[in-house]
Amino acid sequence: MNLSRFPRRQYTPFATPVEKLERLSAALGGPTIYIKRDDLLGLAAGGNKTRKLEFLMGDALAQGADTVITCGAVQSNHARLTLAASIVEGMRCHLVLEQRVPNSYNKKAGGNNFLYELMDAEGIHVVEGGTDLMAKMAEVAEDLRAQGRKPYIIPGGGSNEIGSLGYVACAQELMQQLFEMNLKIDNIVLTSGSTGTHAGTLTGIIGMNGQIPITGIGINRKNDRQIPAVYDLSARTAAKLGLANPPRMEDVTVFEDYIGGGYSLPTPGMVEAVKLLARTEAILLDPVYTGKTMDGLIDLVRKGYFKDCENILFLHTGGSTTLFHYYSDILP
């Protein structure tokens, strides 16, 4: 797969580490668990959206854009990183923030809300849950065009076939690391949310004939919607790359059991997972994405889904900045 034919900006000048989690593995008494530290990616506090933004911002600049517009929940990591990328590129940024939990936006809240203000987003547009976010972004873009500006719209999570190229690149990076480490991984566990990370990694692994199953842990939608969404973006990403062997629907595995009451709402399993990784490995998870994903991994280990002799890789997609907004949920 020749990714160099696509416009790209590079925000992380190194491969993120693959580390063995010896104490967590011992605490769970099952398979050996490794972690790929995409929480250490570049831009403001890092996270998986940095990889997607390398290609999305490359495309925006190639089109002559001077402003980017994106959307997310009120504590969106993607919004934080899109704002950071726009600053690095000398562009301006507008954020459309959806109150998926009613009345949840607070300009003076901690976490990512604080960082939106610190990095001085040009526009923050708060809308109610269920709003058509693409339509709202199109409205903002039209207003900017009327001012003579050149806006570029990035979908939620950066999850389209351009953004997903970032995780095709991650899959290539990972396969090279495993070769150099002489390490065989039997399963990759990752968050399945807006689908870009899941679809990109799946497309990349299959495109390289990596033969590593990928287990997604759903954090926002039930499988009747999530699995087709992952498959659809995988197919579009594979088509953009011109792959002869695109992912099939049966290649998409997602567990929907760890969402709890809904997106961003804490669960007891998430709280346990965040505490356990912090207290065994000094690695921080976030309550919305990686905390629930690690909850899924831990529960699947305890249920015997993975064999004790296997090596499991957890893809850490970052987001720990939101921890500081959830203090009373983690440590009541």
Side-chain angles (χ1 to χ4, degrees), residues 14-41 46-48 51 167 170-171 173-193 197-198 201-202 204-205 210-219 253-260 266-320 322-323 326 330-331:
F14 53 83
T16 59
V18 172
E19 302 172 356
K20 186 177 183 180
L21 300 181
E22 294 188 8
R23 291 173 180 80
L24 178 65
S25 300
L28 296 178
T32 302
I33 301 172
Y34 291 80
I35 188 169
K36 182 158 175 63
R37 298 291 305 274
D38 271 15
D39 58 316
L40 301 179
L41 286 165
N48 63 324
R51 288 193 190 271
Y167 271 87
C170 179
E173 176 182 297
L174 174 61
M175 294 303 294
Q176 181 64 29
Q177 288 175 296
L178 298 182
F179 172 71
E180 293 172 357
M181 296 171 70
N182 194 26
L183 174 61
K184 178 180 180 291
I185 290 294
D186 299 292
N187 204 297
I188 297 170
V189 177
L190 48 69
T191 301
S192 192
T197 299
H198 191 167
T201 305
L202 180 66
I205 293 294
Q211 299 184 36
I212 305 175
I214 294 175
T215 299
I217 305 297
I219 52 85
T253 299
V254 181
F255 284 88
E256 62 179 16
D257 312 292
Y258 307 99
I259 298 171
T267 65
M270 176 277 290
V271 172
E272 181 197 5
V274 169
K275 288 180 178 178
L276 184 59
L277 197 63
R279 293 171 182 181
T280 57
E281 302 288 350
I283 294 175
L284 304 181
L285 299 174
D286 86 286
V288 180
Y289 298 90
T290 52
K292 288 186 176 181
T293 306
M294 180 58 76
D295 173 28
L297 188 156
I298 291 169
D299 190 55
L300 291 172
V301 167
R302 289 170 174 167
K303 289 177 176 176
Y305 179 78
F306 304 113
K307 297 177 182 177
D308 288 356
C309 62
E310 289 182 328
N311 294 322
I312 309 301
L313 181 84
F314 177 80
L315 181 56
H316 189 342
T317 52
S320 60
T322 58
L323 265 179
Y326 283 81
I330 306 298
L331 298 173

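None of the values given here were measured: they were computed from a predicted structure.
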What distance separates [X] [atom1] from [Y] [atom2], expressed to the nearest 0.5 Å?
X	Y	atom1	atom2	answer
Thr32	Glu22	OG1	CD	9.0 Å
Thr191	Tyr289	OG1	OH	9.0 Å
Ile217	Ser192	CD1	OG	9.0 Å
Leu28	Phe306	CG	CZ	11.0 Å
Ile35	Met294	CD1	CE	5.5 Å
Thr267	Asp295	OG1	CG	5.0 Å

Can you tell which of [options] makes a side-chain contact (heavy atoms from CB on, under 4.5 Å) with [X]?
X	options	answer
Asp286	Thr322, Thr317, Val274	Thr322
Leu190	Leu297, Thr293, Thr201, Thr290	Thr201
Thr215	Leu300, Ile312, Ile188	Leu300

What residues form a ring pair (Phe, Tyr, Trp, His ring centres under 6.0 Å) with Tyr305, not counting sequence neighbours? Phe255
Under a 3.5 Å distance rule, please check whether [X] uses its side chain to pair with a backbone N or O of [Y] as donor and acceptor.
X	Y	result
Ser25	Ile33	yes
Glu19	Arg37	no
Gln177	Thr16	yes
Lys36	Leu315	no

Assess whether atom NZ of Lys275 is packed by more than 12 heavy atoms of other residues, nucleotides or ligands within 6.0 Å. yes
Crowded around Phe14 CZ? As in, over 12 foreign heavy atoms under 6.0 Å? yes
Short N-O contact, Arg302 and Glu272, less than 4.0 angstrom: yes
Heavy-atom pair of closest approach, residues [X] and [Y]:
X	Y	value
Gly318	His316	N-ND1, 3.1 Å
Ala171	Ile205	CB-N, 3.8 Å
Arg23	Glu281	N-OE2, 2.9 Å

Working for side chain to side chain contact (heavy atoms under 4.5 Å, CB included), residues Asp38 and Cys170: CA-CA 9 Å; Asp38 271 15; Cys170 179; 3.9 Å; yes
How far apart are the C-alpha atoms of Met181 and Lys20, what are their side-chain angles, what is the distance that settles it, and do they pass the side chain to side chain contact (heavy atoms under 4.5 Å, CB included) test? CA-CA 11 Å; Met181 296 171 70; Lys20 186 177 183 180; over 6 Å; no
Sequence neighbours left out, what passes side chain to side chain contact (heavy atoms under 4.5 Å, CB included) with Asp186? Give chain and number order. Lys184, Glu310, Asn311
Going through the checks in order, is the side chain to side chain contact (heavy atoms under 4.5 Å, CB included) test met by Leu174 and Leu313? CA-CA 10 Å; Leu174 174 61; Leu313 181 84; 3.6 Å; yes
Are any of the side-chain heavy atoms of Leu285 and Lys292 separated by less than 4.5 Å? no
Begin with the C-alpha distance, continue with both residues' side-chain angles, and end with the deciding distance and a verdict on side chain to side chain contact (heavy atoms under 4.5 Å, CB included) for Leu21 and Ile283. CA-CA 10 Å; Leu21 300 181; Ile283 294 175; 3.8 Å; yes
